[in-house]
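Have a look at the structure below before the remarks.
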Amino acid sequence: MNDGGTDADLPELDVAGVGLGPCNLSLAALLAPLADVQARFLEARSSFQWHCGIMVPGAQLQVSFLKDLVTLVDPCNPFSFLNYLATEGLLHRFLIAHTDRCSRQEFERYYQWAAGQIASIRWDHGVDSVDLRDGRFEITCAGREPVRARNLVIGSGRTPALPDFARPLRGDSVLHSAELRIVRPATAGRDVMVVGAGQSGAEVVNHLISDDAGLPRSLTWVSSRVGFLPIDDSPFSNEWFHPAYVDHFYGLSAQRREELLRRQRLASDGVTESLLRDIYRRLYELDVLEPHRLGYRLLVNRRVSDLFTDPSGDATGGTDRLMAIIRDEDTGKIESCAADVVVFATGYRSEFPAYLEPLRDRILDGDGSLRVRRDYSLDWDGPDDLGIYVQNSAEATHGIADPNLSLAAWRSARIANSIVGRTVYRTEDSRSTISWEGADPAGDRPAAFTSDRVGVPLP
């Protein structure tokens, strides 16, 4: 078990990971068997947490449980989901209860199980700054001795994105879906609006209408899309989540990559069909069995363009009424809609970490973007033998799978190979059904791993 020890015995590391979400946890699990790699993963929190704010009852993974921390690159690794089930005595019952998916709550327990056994993890280590000193990265944590490393892996995650007009109102009545289970807004008998019709928005809506004790008086669900659309989970679309496609995508022009990401969005941001059926069925049951208990409006092709408080409104919860301005994209018409609670399921954005400010000018392009190489290292103004790698920050260069769990293990394996300077995990010979870049999927396999970065192999 992780004993939370000090770093005094490892003054210089081969790799330091900042932040511990599923991505860096995957890397930690893949590096754990390598006795010649000295690694530390630094996390500000005191335990592993995964999307705890949107962990509503019944929420399901959108990917197979085989897309865990390690299985797709190292099926025999002890930190696989199947080994978790076997170790906990759950394997037979899980297989009886499930097909290829499982609940997010159970997957979080799996992550916690793995994190509790990896000795390289350090909890309560919030990173304050990263700078260069004496030819190494120096990582400073509040109240801790600094540590030095040759490689840095950024896994700080993304930030919930609220529209600019909503940020000043953020609180108990205006919140992001990622805060739902933390803020726990009062919804019973009140007018609630949900903005956004991706998976998170659908999970919020399903939670609201399924909770008898917290059932709103009315629900307005706003989608900027042409409908409440299912995820494209078909086999050939899932080829976009294949390693071969990542390399193909990386080689395209920036303009073409941007166009493809727009066209492929529903393969990542659509709603599972089972959840859409649950919502539709529940609304039907409320209409037929309990008419007039819930008033609802499902609005498509609409965008919320403003939100403000209306002190003159008739609030049902003793606070100022909220007023949303909604534009109909079909007709151009504008309408106002009153609410007591507004939940924005409006996705996440990447932000430059404050702890990297000492290196900002050496990392960012003139337009403020990162230059990410094929192996997820940054092309930066620093020594060739020092590497900075990014997790979940390369969608623009590596494709729609980047923020998804599908290729987390493969990406971590590619990063691990690059750090150690040799092929520890096979990542380059995975054959796809579609012939990207004219390659014959049944023909010769690609060349063995080579790193884009000039590195120094570990002894």
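Not measured: the values here are computed from a predicted model.
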With sequence neighbours excluded, tell me which residues meet ring pair (Phe, Tyr, Trp, His ring centres under 6.0 Å) with H242.
none
Intermediate values then yes/no, ring pair (Phe, Tyr, Trp, His ring centres under 6.0 Å), H398 and Y250
CA-CA 5 Å; H398 288 67; Y250 186 87; 5.0 Å; yes
Quick one: sort the H248 and Y245 rings into parallel, tilted or perpendicular, breaks at 30° and 60°.
tilted
Side chains of Y389 and S418: do they bring a donor and an acceptor to under 3.5 Å?
yes
Any side-chain heavy atom of N238 within less than 4.5 Å of one from D233?
yes
With V130, which of I139, T140, I388, I154 fulfils side chain to side chain contact (heavy atoms under 4.5 Å, CB included)?
I139
Please tabulate, for the side chains in residues 160-167, all donor-acceptor contacts under 3.5 angstrom to protein atoms that are two or more places apart in sequence or on a different chain.
{"residue": "D164", "atom": "OD1", "partner": "R167", "partner atom": "NH2", "Å": "3.3"}
{"residue": "R167", "atom": "NE", "partner": "L162", "partner atom": "O", "Å": "3.3"}

Here's one to test your reading of the geometry: is the NZ or CZ of R414 within 45 degrees of the ring axis of Y425 and under 6.0 Å from its centre?
no
When the ring planes of F94 and F81 are compared, do they come out parallel, tilted or perpendicular, using 30° and 60° as the limits?
perpendicular
Determine yes or no for a side-chain-to-main-chain donor-acceptor pair under 3.5 angstrom, with D131 supplying the side chain and E138 the backbone.
no
Where does the angle between the aromatic ring planes of Y110 and Y84 fall among parallel (under 30°), tilted (30 to 60°) and perpendicular (over 60°)?
tilted
Any donor-acceptor pair under 3.5 Å from E108 side chain to W50 backbone:
yes
Over all atoms of both residues, closest heavy-atom pair of A401 and L407
CB-CD1, 3.8 Å
Using a strict threshold of under 4.0 Å (side-chain N to carboxylate O), is an ion pair present between E88 and R109?
no
Between Q391 and R411, is a side chain to side chain donor-acceptor pair (under 3.5 Å) present by the stated rule, with each step listed?
CA-CA 8 Å; Q391 297 263 34; R411 177 178 56 208; 2.9 Å; yes
Just say parallel, tilted or perpendicular for the rings of Y376 and W410, cut-offs at 30° and 60°.
perpendicular
Would you say the side-chain atoms of R302 pair up with the backbone N or O of V222, donor to acceptor, closer than 3.5 Å?
no
Taking the basic N atoms (NZ, or NE/NH1/NH2) and the acidic carboxylate oxygens, is any pair closer than 4.0 Å for R373 and D379?
yes
